[in-house]
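I have placed the structure first, in the form of structure tokens, so that the comments after it can refer back to it.
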Amino acid sequence: MRTPIIAGNWKMNKTPAEAVAFANEIKDALNAIEGIDIAFCPPAITIPAVAEAVKGTKIGIGAQNMYHAEKGAYTGEIAPNMLTPFCQYVILGHSERRAYFGETDEGVNKKIKAALAHGLTPIVCVGESLEQNEAGETHDFVSGQVRAAFAGLTADQAVRCIIAYEPIWAIGTGKTATTEQAGGIIGQTVRATIAELFGTEAAQTIRIQYGGSVTPENAAELMAHPDIDGALVGGASLKPSFVDLVRNAARQRQGESERAEIKLA
Ligand code: 13P
């Protein structure tokens with residue numbers, strides 16, 4: 001059984017003081033939720049302080065981006081070993097970075113390799129635009145993004161990554177993909193592509209999240225799909241009700257494993 005993971009992508013929200021206050025406000029309630037991994041991905045400048053605030057809890061820390069090089073003349077960039085004292089995860093290839101900051105498939109591939117080399121778990125984002133979705137191009141496009149991101153990796157390296165399927169049309173729009181839509185692409189496109197590249201065992205091992213307008217209200221329903229291993233949450237991760245979102249998701253999974261045990265008995 002894959003342990004689900006919910007990560008809050010705070011994007012460009014909260015000052016260092018606000019970030020620490022918010023982490024302190026919700027950390028104990030989150031820490032009490034079992035059966036699910038949890039991470040905060042706060043703005044880079046707030047990472048050391050938020051990491052300190054959640055010390056001793058189950059909450060992990062992720063960066064929202066990273067550069068692949070070790071060090072050097074790359075003004076404004078952050079190197080992997082600058083993150084490792086504070087972070088376990090790093091979001092790579094988010095659609096906002098692809099759209100606004102020139103992130104390419106090739107760049108994402110380099111960053112994944114660098115993150116893995118430093119022991120960070122990449123959360124690799126893929127997802128199609130509304131136009132591509134309406135033109136019926138979702139499968140080919142998303143599969144292509146996965147192939148490009150994972151090019152040159154071994155199966156062992158691949159399963160150390162997390163993939164987040166985030167359809168661009170669902171991000172920040174309140175237009176959540178249905179459980180069937182999200183689970184269908186995650187199973188038949190993302191997981192199937194990993195199976196083609198690295199084999200069935202790798203495909204069954206790798207965790208794949210859904211992202212795009214996930215809320216406390218729809219989290220459990222999305223988690224009901226066996227291929228959806230958690231969520232990458234934007235707007236709803238900025239509010240105290242993020243605790244309800246994580247709790248609802250965890251309860252759904254817990255209920256499922258209890259039902260499976262009853263069936264086996
Ligand atoms: P929203 O949850 O605000 O739609 O954002 C999703 C996202 O982009 C997470 O990375």
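Both ligands and their constituent atoms are indexed starting at 1 by order of listing. For this chain, numbers begin at 1 and follow the sequence in order.
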- Task: Show the protein residues that qualify under the rule heavy atom under 4.0 Å from an atom of ligand 1, listing them in chain and number order.
- Result: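 Only Asn9, Lys11, His94, Glu166, Ala170, Ile171, Gly172, Gly212, Ser213, Leu232, Val233, Gly234, Gly235 have heavy atoms that fall under 4.0 Å of ligand 1, ordered by chain and number.
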- Task: Could you tell me the separation between the OG1 atom of Thr193 and the CD1 atom of Ile163, rounded to the nearest 0.5 Å?
- Result: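 The OG1 atom of Thr193 sits 8.5 Å away from the CD1 atom of Ile163.
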- Query: Taking everything shown except Glu77 itself, do over 12 heavy atoms lie less than 6.0 Å from its CD?
  - Reply: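 More than 12 within 6.0 Å, yes.
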- Task: Taking atom CD of Glu137 as the centre, report whether more than 12 heavy atoms of other residues, nucleotides or ligands fall under 6.0 Å from it.
- Result: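 It does: Glu137 CD has more than 12 such atoms within range.
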- Item | Side-chain heavy atoms of Thr84 within contact of Leu120, under 4.5 Å |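 SC-SC contact between Thr84 and Leu120 confirmed.
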- Query: Using a distance-only test with no angle check, is there a side-chain donor-acceptor pair under 3.5 angstrom linking Gln64 and Trp10?
  - Reply: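 There is no such pair (donor and acceptor under 3.5 Å, judged by atom type) between the side chains of Gln64 and Trp10.
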- Lys14 charged N/C atom sitting above Phe22 aromatic ring, 6.0 Å / 45°: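 Yes; both conditions hold, so Lys14 lies above the ring face of Phe22.
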